[in-house]
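Down below is the structure, laid out as structure tokens.
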Amino acid sequence: MKEAVVSPDIKVTIKDVPVPKPNADQVLIRVIYSGSNPKDWKRPKYMKKEHNSGDDIAGIIEEVGENITEFKKGDRVAAFHEMMSDHGSFAEYAIAWAYTTFHLPKKTSFEEGATVPLAAMTAAVGLYQCLRLPEPWNATTKKTPLIVYGASGAVGAFTIKLARLSNIHPIIAISGRGHNFVEGLIDRKKGDTIVDYRNGNEAIISGIKDTLKANDVSEVYYAFDAVSEHSSYQNISQVLSTNGKSKITLVLPGNDYSAIPKHIERSTTMVGSVHMAIVPDSEEGKEGIITGGKEFGFIFFRFFSRGLQEGWFTSHPYEVVPGGLRGVEKGLNDLMNGVNSATKYVFKIEDTK
């Protein structure tokens, strides 16, 4: 089969490699469309390691491991490939764990399915594991202001969609070029608004404060920073409550976040946690806890599948990059250079020449 390998200088080489074999708890998927994410160029570049960095799979089950009962050959699925492991989505066939694989309804195209796995799960982990906000099946009835910085990107957009399912409002969406797209995500009737970051830091801070005042809310305690650079968390820090209950979650590991005051609880949303089991010598393991990120991922991926079928959860806008796997290099370089806005780049694998 053909596989695209991304080098540290974001050059892509197409290689002929054997079709992988799933283990007992994995599935082999014939990839129809692969999605892409900024990490797909960042990890090869900053870790200085070439690899098939794609993790968003949409396709058809080709083979299942001996322990698998939920899927069979021919099923339409999407899946989140385990980051940094072999056999990613930039290939004709990819491997995924069954618990991070989910059925795609007939009404959902493979293109749409490829936009969901990593970004939507990042949003879920940030909202519910890091910020500890109420899940959609236990939606709040209280005003719960939430700042979403980077609202037009896939992670920010899925954060808004999930927050609305949890009845979290008012949502203060920080966005720029994707203003019109974000307008379609929020609910103005519940006090949601958009603040344009292009107007400068002072305008962002005053815009957030004006939204709180308009909603008769004195304080905001929660922020999902899907940008985590370019003054995003500094701006957020100036408006979060100082009473010691505020929380911010960020998406870029390794950054210096020392500018965030100590009275704000800080976390980094790590979507890879859904591929991590509780180990016996961890703090949780010593307390006898046996369920964690893997089970969280299992539940939410099936929640996404149901939402896509029922229509109350939707995919992200996408742009098909021409050339199949040979388009990966252009797609990742465009992501690196900030060319796209409010869309996900996806690749139709069979178009590889």
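Worth knowing before you read on, the calculation uses all heavy atoms, side chains too, and leaves out hydrogens, waters and symmetry mates.
By the criterion of side-chain heavy atoms lying less than 4.5 angstrom apart, applied directly or through intervening Ile, Leu, Val, Met, Phe, Trp or Tyr residues, L133 is grouped together with I186 in one hydrophobic cluster. When the side chains of ILVMFWY residues are joined at heavy-atom separations under 4.5 Å, either directly or via intervening members, I147 and I160 end up in a single hydrophobic cluster. L118 and V148 fall within the same hydrophobic cluster, defined by Ile, Leu, Val, Met, Phe, Trp and Tyr side-chain heavy atoms under 4.5 Å apart, directly or through other members. Under the 4.5 Å side-chain heavy-atom criterion for Ile, Leu, Val, Met, Phe, Trp and Tyr, V227 and L252 are members of the same hydrophobic cluster. Linking Ile, Leu, Val, Met, Phe, Trp and Tyr residues whenever their side-chain heavy atoms come within less than 4.5 Å leaves V5 and I57 in two separate clusters.
Remark: K106 NZ is loosely packed, at most 12 non-hydrogen atoms of other residues, nucleotides or ligands lying under 6.0 Å away. Within a 6.0 Å radius of NZ in K143, more than 12 heavy atoms belonging to other residues, nucleotides or ligands are found. Atom NZ of K247 sits in a crowded spot, with more than 12 heavy atoms from other residues, nucleotides or ligands closer than 6.0 Å. In the displayed structure, E202 atom CD is contacted under 6.0 Å by at most 12 heavy atoms of other residues, nucleotides or ligands. Surrounding CD1 of I290 are at most 12 heavy atoms belonging to other residues, nucleotides or ligands under 6.0 Å away. The number of heavy-atom neighbours closer than 6.0 Å to CG of D216, taken from other residues, nucleotides and ligands shown, is 12 or below.
Of the inter-residue distances, the one linking K353 atom NZ with K2 atom NZ reads 12.0 Å to the nearest 0.5 angstrom. Note that the CZ atom of R30 and the CE atom of M1 stand 13.5 Å from one another [nearest 0.5 Å]. The NZ atom of K142 sits 13.5 Å away from atom CD1 of I168, with the distance rounded to the nearest 0.5 Å. H275 contributes atom NE2, which lies 9.0 Å from atom CE of M121 (distance to the nearest 0.5 angstrom). Atom CG of L131 is separated from atom OG of S267 by 6.0 Å, given to the nearest 0.5 angstrom. Atoms NZ and CG, from K42 and L332 in turn, are 12.0 Å apart once rounded to the nearest 0.5 Å.
T193 and R188 are linked by a side-chain donor-acceptor pair at a separation below 3.5 angstrom, with hydrogens and angles left out of the test. Inspection of the S89 and D55 side chains reveals no N or O donor paired with an N or O acceptor under 3.5 Å. In the model, D192 has a side-chain atom that pairs as donor or acceptor with a side-chain atom of H169 under 3.5 Å. In this structure, a donor-acceptor pair under 3.5 Å is absent between the side chains of N235 and Y197.
For the residue pair N333 and E329, the shortest heavy atom distance occurs at ND2-O, 2.8 Å. Nearest approach of N52 to G88, heavy atoms of both residues: ND2-O, 3.0 Å. Taking all atoms of both residues into account, the shortest heavy-atom contact from T115 to F158 is O-CE1, 3.5 Å. Summarising the geometry of A223 relative to I236, their closest heavy-atom pair is CB-CG2, 3.5 Å, with the distance given to 0.1 Å. Shortest non-hydrogen contact noted between L162 and P136 is O-CG, 4.4 Å. Considering all non-hydrogen atoms of both residues, A203 and V195 come closest at O-CG1, 4.1 Å.
Side-chain contact check for L335 versus D40: every heavy-atom pair is 4.5 Å or farther apart. In this structure, H230 and S232 have side chains that are not in contact, with every pair of non-hydrogen atoms separated by 4.5 Å or more. Contact of the S315 side chain with the T108 side chain is not registered, since no non-hydrogen atoms from C-beta on lie closer than 4.5 Å. Side-chain atoms of V274 and T100, non-hydrogen and from C-beta on, do get closer than 4.5 Å to each other. Side-chain contact between E3 and F90 is absent, with no heavy atoms from C-beta onward closer than 4.5 Å. Residues L212 and I172 form a side-chain contact, since some pair of their non-hydrogen atoms from C-beta on lies under 4.5 Å apart. Side-chain contact check for D351 versus L325: every heavy-atom pair is 4.5 Å or farther apart. S246 places none of its side-chain heavy atoms less than 4.5 Å from the side chain of Y222.
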### Task
I would like to know whether N255 and Y233 meet side-chain hydrogen bond (donor to acceptor under 3.5 Å, both in side chains); could you show each step before the answer?
CA-CA 11 Å; N255 276 10; Y233 53 89; 5.5 Å; no
### Task
Apply the test side chain to side chain contact (heavy atoms under 4.5 Å, CB included) to residues L127 and T159: give CA-CA distance (whole Å), side-chain angles for both, the deciding distance (0.1 Å), then the verdict.
CA-CA 7 Å; L127 282 173; T159 299; 3.9 Å; yes
### Task
Decide salt bridge (charged side-chain N to carboxylate O under 4.0 Å, His left out) for K348 and E111; before the verdict, give the C-alpha distance in whole Å, the side-chain angles of both, and the deciding distance to 0.1 Å.
CA-CA 8 Å; K348 188 177 183 181; E111 299 96 310; over 6 Å; no
### Message
Between T249 and T269, is the side-chain hydrogen bond (donor to acceptor under 3.5 Å, both in side chains) condition met? List the steps.
### Response
CA-CA 6 Å; T249 192; T269 294; 2.6 Å; yes
### Message
L28 vs I95, test: side chain to side chain contact (heavy atoms under 4.5 Å, CB included). Steps then yes/no.
### Response
CA-CA 5 Å; L28 174 68; I95 292 286; 3.9 Å; yes
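Both tests hold for R302 against F298: distance to the six-membered ring centre under 6.0 Å, angle to the ring axis within 45°. Cation-pi geometry between R306 and F313 is not met: the NZ or CZ atom fails to fall both under 6.0 Å from the ring centre and inside 45° of the normal.
Looking only at distances, no side-chain donor or acceptor of R177 sits under 3.5 Å from a matching main-chain atom of S341. Listed for the S282 side chain is a donor-acceptor partner under 3.5 Å among the backbone atoms of G285. Side chain of Q129 to backbone of G126: no donor-acceptor contact under 3.5 angstrom is found. At distances below 3.5 Å, at least one donor-acceptor pair connects side-chain atoms of S7 with backbone N or O atoms of K11. In this structure, the side chain of R43 does not engage the main chain of M84 through any donor-acceptor pair within 3.5 Å. The backbone N or O of S152 lies less than 3.5 Å from no partner atom in the side chain of H179, so there is not a single donor-acceptor pair.
Residues F224 and Y149 place their aromatic rings such that the two centres sit no closer than 6.0 Å. In summary, the aromatic rings of Y93 and H87 are positioned with their centroids too far apart to meet the 6.0 Å limit. The six-membered or imidazole ring of W97 lies away from that of F80, with a centre-to-centre distance of 6.0 Å or more.
In summary, K344 and D56 engage in a salt bridge, as defined by a charged side-chain N under 4.0 Å from a carboxylate O. A salt bridge links D75 with K72; the closest basic N to acidic carboxylate O contact falls under 4.0 Å. Of the charged side-chain nitrogens involved, none lies within less than 4.0 Å of a carboxylate oxygen, so that K286 and E284 do not count as a salt-bridged pair. The existence of a salt bridge linking D9 and K45 is excluded, since no basic side-chain nitrogen approaches an acidic carboxylate oxygen closer than 4.0 Å. A salt bridge links K15 with E50; the closest basic N to acidic carboxylate O contact falls under 4.0 Å. In this structure, E219 does not pair ionically with K245, as no charged nitrogen and carboxylate oxygen lie closer than 4.0 Å.
Residue pairs meeting the salt bridge (Lys or Arg N to Asp or Glu O under 4.0 Å) criterion with at least one member in residues 161-171, sequence neighbours excluded, are R164-D187.
By the 30° and 60° cut-offs, the orientation of the rings of H316 relative to F181 is perpendicular. Ring geometry for F300 versus Y128: interplanar angle under 30°, hence parallel rather than tilted (30 to 60°).
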